[in-house]
Amino acid sequence: MLWSAYSLRNLWARRVTTLLTVAGLGLVVFVFVAILMLAHGLEETMGRTGDSANAVLFSKGALSEIDSSLSRDQTGVLAAQPEVLTLADHQVAAVREIALQLTLRKYDRGSLASLAVRGSSPGVFAVRPRLRLVQGRLWQPGTTEVIVGAQVARQFPEARVNETLRFGRREWTVVGVFEAGGSGFDSEVWGDAEQLMATFHRTAFSSMTLRLAEPEAFPAFKARLERDPRVKVSAKREPEYYEAKAEGLARLIRVTGLFLTMVFSVGAILGATMTMSASVAHRTTEIGTLRTLGFSRGHILQAFLLESMALGVAGGLLGVSGAALLNSMTISTVNWDTGTELAFAFHLTPAMAGEGLLFAVCMGAVGGLAPATRAARIEIVRALGERAA
Amino acid sequence: MIDPVVSLHNVTKTYSRGGTEVSVLKDLSFVIPAGTFLAIMGPSGSGKSTLLNVMAGIDRPTSGSVVVAGTRLDGLSEGDMARWRTRHIGYVFQTYNLIPVLTAAENVELPLALTHLSRRERADHVKTALRLVGLADRMDHYPRQLSGGQEQRVGVARAIVSDPTMILADEPTGNLDRESADDILTLLARLNRELGKTIVMVTHDPRAAERAQMIRHLEKGLLEMPP
Ligand SMILES: Nc1ncnc2c1ncn2[C@@H]1O[C@H](COP(=O)(O)OP(=O)(O)OP(=O)(O)O)[C@@H](O)[C@H]1O
Ligand SMILES: [Mg+2]
């Protein structure tokens, strides 16, 4: 008790240096936690995209929707599979879709932005029942009407109901806005598949999404289709399919982010080392006094390590609090896997806060180790001989 | 004869500085009986502090044997020596050496942090020690809020709080005015007389030395024989 009070009060006694050191440590922790939040937010967004009762089918060997192609014949065979849910109107819950990436000039700043456009059919809302149209109406089949995801509506001023988007040398009228629960679909523009295929001279679809009557039937369904030589498709559950698309970007964020954090942390650790070294130099006589009273080298080591770890804890709390301010903030970035803009939210979990704190304490301990060791090693008589006053 | 608290045999201490050997303590042998209040005098550089530190177990002689409070110090490891100091030595510094971030009471409590006493017992001991030095009303003051004389009284309280076998003081009145110095000397004499503490005090003030029962002079590393 007294021993920890001793360490903490010494930090307080030098509060300016302490604060600067804590700020340095805090900044690194902030960056560290923000990166974890970013990568996690991305995965969460993509993981929320889709419904686990749905299966996405794409051509065998394709890495993403973009390089997958399914012919009309193939899609016909796939839609006729017995596992597919039949709707009240005797239609099957299946949509064949075409995925496109377009570059658009944003009206406001004239900057280029990449946009994901999906050609689908109105049946899409039966396949993805969690999606809601929040404004306007669905597009009419066979027209150049489109609906936009909530994030697109937020980011592109021109993506409003009754406004037009220009791509593929045609004008597309926005007739509705849909909400996809913060998933990747929110960053897409949807329209009529046939119109888009004609516009972009495509003869094949990219993928097909089916809603299964029994979600548990998926493994058997997948196994059977993937073995079927006539269709040549791969199947994935919809959320897994979209999550996999974000994996590369999440990994990139983690690796570069953590590398950056490591570089910054060297600075923060050196800061802690300098602060603790100054503290040891300033308190040499005090160390001699404590040793004379019977405190051992181990006690001295402990006191100074405790002090630098407390710096770490304070820095950690500061950094995590800073990161908590980012919580639920939405940002948009380019998904490198697909090249399209994707909006997602920062989300702080208790585990990340814990990791941030642990990281901070480790930085404090590493930074304090050398000065604390030096403090513990000093000879008593020599320490007492140095008059700090 | 009463058991000696300190017995030194052929103790030497030499420093080698730039190739030349400097002999600070030259073959010292003497005993200090329990319950003695001894003053060690001598000119500056004569080795008084060195001798005191050897007895306190914070410095080691170059050769010779040092037995204090029944323990031979030469064989002890650093850790054992620290534990031994906790039990047997109370040390009073010329510059008080209170910890600035701790209150008077906490400074006094510090040596008790190394014992197994309960919180309650520690508080009792601290109060007793501070009352003994007349500072019961200054418990919560920080060193910077105390006068030099008061700081040194806290220093004495810290030296006696764990009831050590012996109190060692290196010029305890060196930084004090006449009046405060008298208070400290009176306090030490009382501790010796009423509690039977063995006290060894280094000083070069003859008036301070007079308050001890016995005075020894250290001259060029040799202890002058008592008359
Ligand atoms: N670490 C050291 N290295 C070399 N010489 C030292 C060292 N420590 C002390 N000395 C020398 O040993 C001698 C005795 O020192 P000591 O401090 O014991 O003297 P002292 O009698 O206490 O003097 P003072 O009255 O000034 O306090 C001095 O000449 C000093 O220079
Ligand atoms: Mg001296």
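So you know, we letter chains A, B, ... as the sequences are listed, proteins then strands, and number each from 1.
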* Please test B:Asp59 against A:Ile380 for side chain to side chain contact (heavy atoms under 4.5 Å, CB included), starting from the C-alpha separation and ending with a verdict. => CA-CA 7 Å; B:Asp59 202 355; A:Ile380 304 174; over 6 Å; no
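- Contact check for A:Leu290 versus B:Leu110: side-chain heavy atoms found under the 4.5 Å cut-off.
- The shortest distance between side-chain heavy atoms of B:Ile58 and A:Leu384 falls below 4.5 Å.
- Closest approach of B:Val101 to A:Ala13, counting heavy atoms only: CG1-CB, 3.9 Å.
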* Asked: Please walk me through it: do A:Leu293 and B:Arg158 pass side chain to side chain contact (heavy atoms under 4.5 Å, CB included)?
  -> CA-CA 9 Å; A:Leu293 297 182; B:Arg158 180 177 65 184; 3.8 Å; yes
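- A 6.0 Å sphere centred on CZ of B:Arg120 holds no more than 12 heavy atoms belonging to other residues, nucleotides or ligands.
- Shown here is B:Met139, whose CE atom has more than 12 heavy atoms of other residues, nucleotides or ligands within 6.0 Å.
- Counting only heavy atoms from C-beta outward, the side chains of B:Tyr142 and A:Arg9 approach each other to under 4.5 Å.
- For B:Asn53, the part sitting under 4.5 Å from any heavy atom of chain A is the side chain, from C-beta outward, and nothing else.
- With contacts defined as side-chain heavy-atom distances shorter than 4.5 Å, the pair A:Ser296/B:Arg83 does not qualify.
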* **Stepwise side chain to side chain contact (heavy atoms under 4.5 Å, CB included) test for A:His299 and B:Leu114** => CA-CA 10 Å; A:His299 286 117; B:Leu114 296 163; 3.4 Å; yes
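- Residue pairs meeting the ring pair (Phe, Tyr, Trp, His ring centres under 6.0 Å) criterion with at least one partner in residues 89-123 of chain B, sequence neighbours excluded, are B:Tyr91-B:Phe93.
- Taking CG from B:Leu102 and CG from A:Asn10, the interatomic distance works out to 7.5 Å, rounded to the nearest 0.5 Å.
- For A:Arg377, the CZ atom sits in a loose shell: 12 or fewer heavy atoms of surrounding residues, nucleotides or ligands are nearer than 6.0 Å.
- A pairwise comparison of heavy atoms in A:Phe295 and B:Ala113 identifies CZ-CB, 4.4 Å as the closest pair.
- Here B:Glu78 pairs with A:Arg291 in a salt bridge; the nearest charged N to carboxylate O distance falls below 4.0 Å.
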